[in-house]
2 protein chains.
Amino acid sequence: MRRADFKRKSRVIVVDDNYDHASGIRELINLEQDYEVIANAGNVNVAISLIKKYQPDIVLMDINMPEIDGITAISEIEKLGLKTKIIALTGYDDADLIYRAMKIGAKGYILKTMASAQLIRALDEVTMGKIYLPSVLCSKFFEYFQAAQRNEKAYNAADDEENLLNYLTNREEEVLGLLTEGITYKGVAQQLFISETTVKTHVNNIFQKLQVNDRTQAVLYAINKGFGARKKAKIA
Amino acid sequence: MRRADFKRKSRVIVVDDNYDHASGIRELINLEQDYEVIANAGNVNVAISLIKKYQPDIVLMDINMPEIDGITAISEIEKLGLKTKIIALTGYDDADLIYRAMKIGAKGYILKTMASAQLIRALDEVTMGKIYLPSVLCSKFFEYFQAAQRNEKAYNAADDEENLLNYLTNREEEVLGLLTEGITYKGVAQQLFISETTVKTHVNNIFQKLQVNDRTQAVLYAINKGFGARKKAKIA
DNA sequence: CTTAAATTCAATCTTTAGATTTAGAACTTA
DNA sequence: TAAGTTCTAAATCTAAAGATTGAATTTAAG
């Protein structure tokens with residue numbers, strides 16, 4: 001599934017503080033008809049200048065580098081908003097590193113110890129707009145990802161056990177929802193087409209159930225228990 | 001890399017509302033010496049009862065089901081806190097579904113259209129404690145994941161550009177900090193050893209600067225702009 | 001059919017909250 | 001030294017918030 005010969009070669013920049021290693025990669029890639037290494041960079045600052053200047057199709061970024069690390073570098077490059085795709089490169093299959101690299105936008109992640117065929121395959125996949133993550137690393141990523149999700153949940157909720165929000169009725173939830181948008185009694189009454197005194201009744205019941213004394217505390221309780229999750233959830 | 005013969009077979013429960021399909025999977029799996037299907041379930045409620053009862057090693061969960069969907073089901077099963085590992089199963093490679101399934105703890109995700117060899121491989125990998133996500137689906141996942149990360153960033157911050165919190169003085173930040181804990185004027189005054197009227201002055205200035213009308217809105221603004229980030233940040 | 005819960009509303013009352021104006025003291029900077 | 005900012009504070013006033021009691025209606029559950 002290589003790109004056809006009449007298309008121009010994809011331009012690659014290699015970022016690695018180890019010159020020998022960078023050269024090795026360069027030669028390896030230049031053997032391929034679809035790719036050409038247009039520059040090497042030994043540190044992050046040089047890399048960013050080169051990337052700004054040449055806007056390469058792909059950057060191969062070593063993660064373990066002195067001074068500024070590769071993760072920060074990826075983040076900086078992503079901020080430039082170019083079409084350049086970044087593939088991370090390290091010696092270790094550290095779950096945390098993989099997670100962070102992918103989180104900030106790396107399009108692939110490969111180990112230096114992996115066969116050269118994998119490197120080329122990564123270039124191919126990423127060039128086609130896909131993500132390349134070997135199954136071993138994919139597995140590592142999800143280890144970390146799912147652990148992070150579990151923590152997030154444990155933090156937000158204590159899901160059913162002591163979530164006083166579960167005692168609210170439907171209407172009370174509606175009212176609380178509007179409170180969490182900073183709306184007054186009058187405003188809530190208008191939006192729900194009910195009288196202001198009714199709103200007050202609901203709000204008082206909410207306070208009782210949530211064991212708080214005023215709306216600010218109620219709103220804070222709601223947010224901390226993940227009440228506003230809906231809005232944050234519909235990010236796509 | 002199959003498990004040795006002397007080990008007991010892994011026990012599998014198949015959840016699918018389509019009986020024919022469930023039977024197909026059952027026969028397929030029962031051909032393998034390492035696995036046995038101990039039950040089928042046509043809907044989520046039955047599935048959960050069976051899982052509680054038999055505590056299988058693996059659950060194959062169809063995502064597209066009537067009434068309660070598979071995603072919710074996975075979430076419920078995860079709440080049980082068993083060692084049971086869940087592999088999601090659908091007809092479509094929808095990025096959103098894959099993301100949600102993996103987020104809540106599925107250990108694998110495969111398409112019904114995929115070859116039976118993939119199903120067995122998924123069982124093998126997951127049994128060994130790894131994640132199984134075919135590269136096509138892995139790529140889909142990251143599409144969604146990275147988009148979500150980008151939105152999260154854009155949502156939380158507008159990082160430096162228009163954060164009205166930057167205009168607050170030190171004292172005002174202190175006061176706002178107490179407001180975000182749901183404390184009254186009187187309480188703030190006591191904690192800061194100043195008079196209540198002084199607190200009111202500060203709060204009014206805060207409202208001006210944040211362009212809001214009351215404390216609830218001020219607190220919401222602060223939280224949305226990451227004012228309380230300290231506490232939430234330390235999830236890992 | 002009866003009970004219980006949910007939703008609605010009124011009236012009354014007390015307490016905060018919030019707006020506005022004015023101003024002194026401390027500290028910084030031109 | 002003068003001007004500006006920050007922090008402090010009081011006085012006054014209006015508007016909102018919150019507590020409490022009591023009650024009618026609807027709907028779900030037993």
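Within every chain, numbering begins at 1; the chains are lettered A, B, ... in the order of the sequence lines, protein sequences first and strands thereafter.
When only modelled atom types and interatomic distance are considered, T198(A) and S195(A) share a side-chain donor-acceptor pair under 3.5 Å. Side-chain contact annotation: Y132(B) with S139(A), donor-acceptor N/O pair under 3.5 Å absent.
Contacts of T169(B) with the nucleic acid, taken as non-hydrogen atoms under 4.0 Å apart, involve only primed sugar atoms and P, OP1 or OP2. Residue contacts shown for T184(A) are limited to sugar-phosphate atoms, with no base heavy atom under 4.0 Å away. Base engagement by T198(A) is indicated by at least one non-hydrogen atom pair under 4.0 Å involving a base atom.
Residues D62(A) and L89(A) approach most closely at OD1-O, 3.0 Å, considering heavy atoms.
Once rounded to the nearest 0.5 Å, the distance linking CG of L123(B) with OG1 of T127(B) reads 6.0 Å. Separating the CG atom in D16(B) from the CG atom in N40(B) is a distance of 8.5 Å, to the nearest 0.5 Å.
Toward the 5' end of DNA chain D, the nearer of the two residues N213(A) and K200(B), judged by each one's closest nucleotide, is K200(B). Where N204(A) and K186(A) each meet DNA chain D at their nearest nucleotide, the meeting point lying more 5' is that of K186(A).
Here the two rings, on F141(A) and Y109(A), have centers that are 6.0 Å apart or farther.
Remark: side-chain polar atoms of Q146(B) are not paired, donor with acceptor, to backbone N or O of K107(A) under 3.5 angstrom. No donor-acceptor pair closer than 3.5 Å links the side chain of Q55(A) to the backbone N or O of K83(A).
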(Q) Show, in sequence, the C-alpha distance, side-chain angles and deciding distance for K130(B) and E125(B), and conclude whether the salt bridge (Lys or Arg N to Asp or Glu O under 4.0 Å) test is met. (A) CA-CA 5 Å; K130(B) 298 181 67 180; E125(B) 297 276 335; 3.7 Å; yes

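Between Y144(B) and Y99(B), the ring-plane angle classifies as tilted under the 30° and 60° cut-offs.
From one end of the helix from dC1(C)-dG30(D) to dA30(C)-dT1(D) to the other, with five pairs defining each end axis, the axis direction shifts by 50° (rounded to 10°).
Protein chain B contacts DNA chain C over a range whose 5' and 3' limits, counting nucleotides with an atom under 4.0 angstrom from a non-hydrogen atom, are dT16(C) to dT20(C). On the nucleic acid side, DNA chain D has its first and last nucleotide under 4.0 Å of a heavy atom of chain A at dA16(D) to dT20(D), going 5' to 3'.
Salt bridge present: D57(B) and R8(B) bring a charged side-chain N and a carboxylate O closer than 4.0 Å.
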